[in-house]
Undergrad: 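Below: one structure in structure tokens.
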Amino acid sequence: MGTASVEMVEKDEIDECETTRGRTLRVLVDKWYERKATYWKQLLKSKFASSMDRNTKFFHAIAKSNGRWKGIESIKINHVVTYNNNRSTMSDAMKKFQDESIVLVEKLIRLSFKYLGISKGNWIGPNNHTSAIQLDSYPICPKPENAIGIAPHTDTSIFTLIHQSQSSGLQFSKDGSSWFTVPLEPNTVVINTGDVLHILSNARFKLAPHRVIVNNIKHRYSMVVHYRPIMDHVISPLVQDNTHD
Ligand SMILES: O=C(O)CCC(=O)C(=O)O
Ligand SMILES: [Fe+2]
């Protein structure tokens with residue numbers, strides 16, 4: 001177990017030595033993101049990458065023109081209907097959804113820290129996080145083979161929660177070339193590990209490349225919660241042992 005921890009870089013609170021360390025870590029993380037971008041560029045053959053870009057633009061143009069309010073009919077939280085096609089209650093429902101999601105992710109963080117042997121004191125807690133809810137809509141696409149819903153990527157979160165409607169399309173990959181489609185299970189949330197957990201765990205939690213493909217049969221919707229430390233936090237591995245499982 002190492003002594004490194006998640007540090008808050010507030011210039012007036014830390015001494016010169018820590019500032020230097022914070023700066024070094026920032027540079028390391030920046031380099032890591034650069035390497036990640038290069039990794040993905042190399043994985044995608046240039047022809048596929050360029051046509052995918054074109055088609056992604058095409059697809060998102062369709063998505064925009066179809067973007068009328070018609071997606072979410074109801075939101076159930078813990079089996080209770082919290083929103084039922086009544087816009088005035090939407091923000092309350094979303095707030096409740098976000099609060100419940102944060103509780104769930106904090107539990108997941110505690111569990112994964114326990115698994116990694118990291119003491120709880122090393123976690124910055126819910127007050128130092130941002131969470132974002134993303135509502136995604138993937139309309140029926142007449143030529144799905146020429147389009148992509150979301151291009152391959154990894155999430156910058158610690159954990160991401162994905163609630164998907166009964167239309168599949170979310171796919172994960174171990175090697176960036178073969179893709180596994182996440183099965184549709186009603187009342188199930190897909191939990192995705194993000195880059196922050198990858199860094200904190202010293203790569204014991206692998207990167208989870210994923211994408212969303214579209215189809216010509218059924219409109220897909222998803223509600224995605226990204227949860228990550230606030231931007232000012234400098235992160236570094238909390239597990240020193242570099243031997244991966
Ligand atoms: O919409 C989805 O199913 C997944 C979205 C996603 O991967 C993301 O927002 O990072
Ligand atoms: Fe994602």
Side-chain angles (χ1 to χ4, degrees), residues 32-33 36-37 39-41 43-44 49 52-53 55-64 66-76 94 97-98 100-102 104-105 108-109 112 129-141 144 147-201 205-231:
W32 186 83
Y33 274 109
K36 193 175 97 164
Y39 167 78
W40 279 110
K41 271 187 207 145
L43 270 184
L44 297 166
M52 187 178 68
D53 269 343
N55 288 318
T56 302
K57 272 188 206 134
F58 163 77
F59 176 73
H60 285 294
I62 297 178
K64 215 170 168 186
N66 283 359
R68 294 185 300 278
W69 182 274
K70 61 178 183 179
I72 300 176
E73 279 168 17
S74 66
I75 299 174
K76 270 192 204 167
M94 294 308 277
F97 173 73
Q98 187 164 24
E100 296 279 340
S101 302
I102 291 172
L104 174 60
V105 180
L108 290 168
I109 293 170
S112 51
H129 281 88
T130 52
S131 65
I133 301 180
Q134 193 178 296
L135 304 178
D136 293 332
S137 166
Y138 306 88
I140 289 169
C141 177
I148 187 90
I150 295 191
H153 66 283
T154 58
D155 293 344
T156 54
S157 56
I158 178 159
F159 280 107
T160 306
L161 309 182
I162 303 173
H163 300 256
Q164 43 181 355
S165 66
Q166 289 300 296
S167 173
S168 64
L170 178 61
Q171 297 185 321
F172 282 82
S173 174
K174 273 189 174 173
D175 54 9
S177 58
S178 53
W179 294 91
F180 159 80
T181 302
V182 176
L184 294 174
E185 294 283 348
N187 301 320
T188 300
V189 52
V190 179
I191 295 166
N192 188 14
T193 55
D195 300 346
V196 173
L197 190 60
H198 179 72
I199 295 170
L200 295 179
S201 71
F205 280 91
K206 309 280 180 240
L207 284 176
H210 56 285
R211 67 179 187 181
V212 179
I213 56 165
V214 291
N215 71 76
N216 55 9
I217 299 165
K218 195 164 180 195
H219 198 130
R220 172 186 164 84
Y221 298 96
S222 64
M223 288 175 73
V224 184
V225 181
H226 294 276
Y227 194 69
R228 62 176 74 90
I230 53 175
M231 290 302 269

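Only heavy atoms go into these numbers, but all of them, side chains included; no hydrogens, no water, no symmetry mates. Just so we're clear, the structure is a prediction, and the values are computed from it rather than from any experiment. Read the numbers this way: they start at 1 and go in the same order the structure lists the ligands and their atoms.
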Undergrad: If the cut-off is 2.8 Å, does any N/O/S atom of His153 fall short of it from the Fe ion (ligand 2)?
TA: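 Checking His153: at least one N, O or S atom is under 2.8 Å.
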Undergrad: With a 4.0 Å cut-off on heavy atoms, does Arg220 reach ligand 1?
TA: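 Yes.
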Undergrad: Locate the shortest heavy-atom distance separating Ala208 from Thr193; write the atom from each residue and the value.
TA: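 So the minimum-distance heavy-atom pair works out to CB-O, 3.8 Å.
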Undergrad: Could you list which atoms of ligand 1 come closer than 4.0 Å to a heavy atom of Ile150?
TA: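 Going through ligand 1 atom by atom, the ones under 4.0 Å from Ile150 are 5 (C), 6 (C).
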Undergrad: With atoms numbered from 1 as shown, which atoms in ligand 1 lie under 4.0 angstrom from a non-hydrogen atom of Val212?
TA: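 In order of number, 2 (C), 3 (O), 4 (C).
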Undergrad: Quick one: angle His210 NE2 - the Fe ion (ligand 2) - Asp155 OD1, to the nearest 10°?
TA: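 NE2 of His210 and OD1 of Asp155 make an angle of 90° at the Fe ion (ligand 2), to the nearest 10°.
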Undergrad: Are side-chain heavy atoms of Val189 and Ile162 found at a separation under 4.5 Å?
TA: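 Result no, sub-4.5 Å side-chain heavy-atom pair not found.
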Undergrad: Does ligand 1 have an atom under 4.0 Å from some heavy atom of Gln134?
TA: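 Contact check Gln134 vs ligand 1: positive.
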Undergrad: What residues form a ring-ring contact (aromatic ring centres under 6.0 Å, His included) with Phe180, not counting sequence neighbours?
TA: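 Result, ring-ring contact (aromatic ring centres under 6.0 Å, His included) vs Phe180: none returned.
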Undergrad: Give the minimum heavy-atom separation between Cys141 and Val214, together with the two atoms involved.
TA: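 Shortest heavy-atom contact: CB-CG2, 3.8 Å.
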Undergrad: Atoms of ligand 1 less than 4.0 Å from Ser222 heavy atoms?
TA: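 The atoms of ligand 1 under 4.0 Å from a heavy atom of Ser222 are 1 (O), 2 (C), 3 (O).
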Undergrad: A side-chain contact here means heavy atoms from C-beta on lying under 4.5 Å apart; do Asp155 and Val224 qualify?
TA: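 Side chain of Asp155 against side chain of Val224, heavy atoms only: no contact under 4.5 Å found.
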Undergrad: Strictly by modelled atom types, are Ser137 and His219 linked by a side-chain donor-acceptor pair under 3.5 Å?
TA: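 A donor-acceptor contact under 3.5 Å links the two side chains.
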Undergrad: Show which atoms of ligand 1 fall inside a sub-4.0 Å distance from at least one heavy-atom site of Ile162.
TA: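 That gives atoms 3 (O) of ligand 1.
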Undergrad: Mind checking whether His153 contacts ligand 1 via backbone (N, CA, C, O), side chain (CB onward), both or neither, at a 4.0 Å heavy-atom cut-off?
TA: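 It is the side chain that gets close, since no backbone atom is under 4.0 Å.
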Undergrad: Under a 4.0 angstrom heavy-atom cut-off, which atoms of ligand 1 come close to His226?
TA: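 Per the distance check, 8 (C), 9 (O), 10 (O).
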Undergrad: For ligand 1, which atoms, with element, lie under 4.0 Å from some heavy atom of Asp136?
TA: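 By the 4.0 Å cutoff, the relevant atoms are 1 (O), 2 (C), 5 (C).
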Undergrad: Hey, are the side chains of Val225 and Phe97 touching, using non-hydrogen atoms and a 4.5 Å cut-off?
TA: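 Result yes, sub-4.5 Å side-chain heavy-atom pair found.
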Undergrad: Evaluate side-chain contact (heavy atoms from CB on, under 4.5 Å) for Leu197 paired with Ser112, printing each intermediate quantity in order.
TA: CA-CA 9 Å; Leu197 190 60; Ser112 51; 4.2 Å; yes
